[in-house]
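As structure tokens, the structure follows; a few thoughts come after it.
Computed from a predicted structure; not experimentally measured.
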Amino acid sequence: MATNSIKQRPLSSQTSADPTADTGFKLTSPEPHPAGAVRHGAVRETLQVLLIGLYFFISAVSVHGAQFIGSPLYFINKDWYYAYMAMTKQSFGILVTSMTYWWSPTLIRISGDASVRGQLRKGADGRFESTFPSRMILVANHQIYTDWLYLWWTAYSNAPHTMHGHVYIILKESLKYIPVIGPAMVFYGFIFMSRKWGNDEPRLRYRLQKLNSRHSRPMSGDSIQSRAGKPSLDPTWLMIFPEGTNLSENGRKGSAKWAEKSDQPDLRHALLPRSTGLQFCLQELKPSVDWVYDCTIAYEGIATGQFGQDIFTLRSTYFQGRPPKSVNMYWRRFWVGDIPVGDKNAFDKWLLERWREKDELLEQYVQTGRFPADDGSDRLTTNGNGAAGKGAAAAGAGYIETEVRPRQPLEFLQIFSPVAATVLLINVIWKLWAIFGRANMGAAAAV
């Protein structure tokens, strides 16, 4: 880190006038921010805070209000209740997508290996589209708090069936108590973990059994059974961060401590993963989920030894106009049948090997500024379970460069439609009640 000596005013005639003399006072120049200088002045930043805060607050309250409006459906028809909650979850996906598009635009660079060949593409309008399955377990390294935002956006970008209404996230229990957001996540069926397995296991089992249940309702999937009106499995993207927390100084210390205790080298760019929760999820969902999708995320400008949460803060990213210059995502997938979910030691080894591969991917990114990419020089033909053979040939997508962007400019209005429709309905009923009330009073007076 560069330092600049400051020449101090002499306190006496004997004080050295040499600007290089050690006065005991030195000014340390801050490291330049990887996204550049602050783009907004104080007035613009204040306005940005007010606009973002107001939009997020009104939208979050509208989404939560819509959840309360639909909550009686639980006692009437559970299938319709879960479909309605999936719709409100879509609204939150639209909220984070629109916020990022308006106030934190950045380049998204996406690539993958041959296992996801044919599932990544760039549409004619420049938007990213994935063709991932409707049921999967999604794992990722946890760099900073915005990781889940970009993964949710991936669900929003899925085609032909969008999945942003069917995201389920495993979270720390403390997040459940955030005002408005916490209760909304409870309605969404998110899974909260206390990190005490004795308490977490029955809770997790209960939620996973619900994800394994079949329903006959709107938004219950694209299967033949669903289209025929028969019970089918719900679309489910179960999102897990096996590291348990985002990369930070405390997390780094915890990972190093565990590495020393277990007599193994620590990772350089990620934290050592925890296997218990992921293994349990795979055991419970294995009959109904075929794939584990893995995303490695990297943010441009974070050097080795730095922590993204200290650089790309909420203020920097949304208020000062300094989001990452690029967010990079590398995708691959693993057939559940090939994962040793029934053997604790073998599964621990399998997961650790995947995370060491991930660490190598992150090292390559740090060194070159890019993840590898499947350039499609060899055409690969796969069938449904990833084995070579039947199915249509697909070429690799190489690097896809895009941005987080809504499909339609006014799509954000969907966030407010349930509450607005309810207010309008109540207003109409109130006016009709008043009209008929006056009519009845007039009739009574005439008699």
Please tell me if the side chains of R252 and L271 come closer than 4.5 Å, counting only heavy atoms from C-beta onward. yes
Cation over ring, K349 on F347, under 6.0 Å and within 45°? no
Would you mind checking if E300 and R109 are paired as a salt bridge, meaning a charged N to carboxylate O distance below 4.0 Å? no
Any side-chain donor near an acceptor of the partner, D113 and S115, under 3.5 Å: yes
Any Lys/Arg nitrogen of R407 or D125 sitting under 4.0 Å from an Asp/Glu carboxylate oxygen of the other? no
Under 3.5 Å, is there a donor-acceptor pair between the N328 and S326 side chains? yes
Please say whether the positively charged group of K89, taken as NZ for Lys or CZ for Arg, lies over the ring of F187, i.e. under 6.0 angstrom from the six-membered ring centre and within 45 degrees of the axis. no
Below 30° counts as parallel, above 60° as perpendicular, anything between as tilted: where do the rings of Y299 and F312 land? tilted
For a 4.5 angstrom cut-off between non-hydrogen side-chain atoms, does I302 reach Q309? no
Under 6.0 Å between ring centres: does that hold for W237 and Y293? no
Any donor-acceptor pair under 3.5 Å linking the side chain of Q283 with the backbone of V341? yes
What I want to find out is whether D348 reaches K344 closely enough, with some N-O distance under 4.0 Å, to be called a salt bridge. yes
I'd like to know if the side chain of N141 pairs up with that of T296 as donor and acceptor (distance under 3.5 Å, no hydrogens or angles considered). no
Within the 4.5 Å heavy-atom criterion, are L120 and M329 side-chain neighbours or not? no
Step by step, would you call W152 with F92 a ring-ring contact (aromatic ring centres under 6.0 Å, His included)? CA-CA 10 Å; W152 205 326; F92 195 82; 5.4 Å; yes
How far does CD1 of I311 sit from CD of Q143, to the nearest 0.5 angstrom? 10.5 Å
Looking at E401 and R370, is there a salt bridge between them, counting it only when a charged N and a carboxylate O are closer than 4.0 Å? yes
Look up atom CG in L50 and atom CD in E45, then write down how far apart they are to the nearest 0.5 Å. 11.0 Å
Check whether any side-chain N or O of S255 sits under 3.5 Å from a backbone N or O of G251 as a donor-acceptor pair, and report yes or no. no
How about E411 and S98: do any of their side-chain heavy atoms sit closer than 4.5 Å? no
Does the gap between the ring centers of F412 and W102 come in under 6.0 Å? yes
Between E173 and R203, is there a side-chain N and carboxylate O pair less than 4.0 Å apart? yes
Just checking, is any N or O donor in the side chain of R268 or T304 under 3.5 Å from an acceptor N or O on the other one? no
Is any NZ, NE, NH1 or NH2 atom of the basic residue among E249 and K253 found under 4.0 Å from an Asp or Glu carboxylate oxygen of the other? yes
Side chain proximity check, V327 to W153, heavy atoms < 4.5 angstrom: no
Below 4.5 Å, heavy atoms only, C-beta onward: do P273 and L278 meet side chain to side chain? no
What is the ring orientation for W331 with F132, classed by angle as parallel under 30°, tilted 30 to 60°, or perpendicular over 60°? tilted
Angle class for the Y365/F371 ring planes (parallel below 30°, perpendicular above 60°, tilted otherwise)? tilted
Checking K358, R354, R333 against D294 for salt bridge (charged side-chain N to carboxylate O under 4.0 Å, His left out), the one that qualifies is K358
Are S134 and H161 close enough that a side-chain donor and a side-chain acceptor fall under 3.5 Å? no
Rounding to 0.5 Å, atoms CG (L208) and OG1 (T236) come to a distance of 9.5 Å
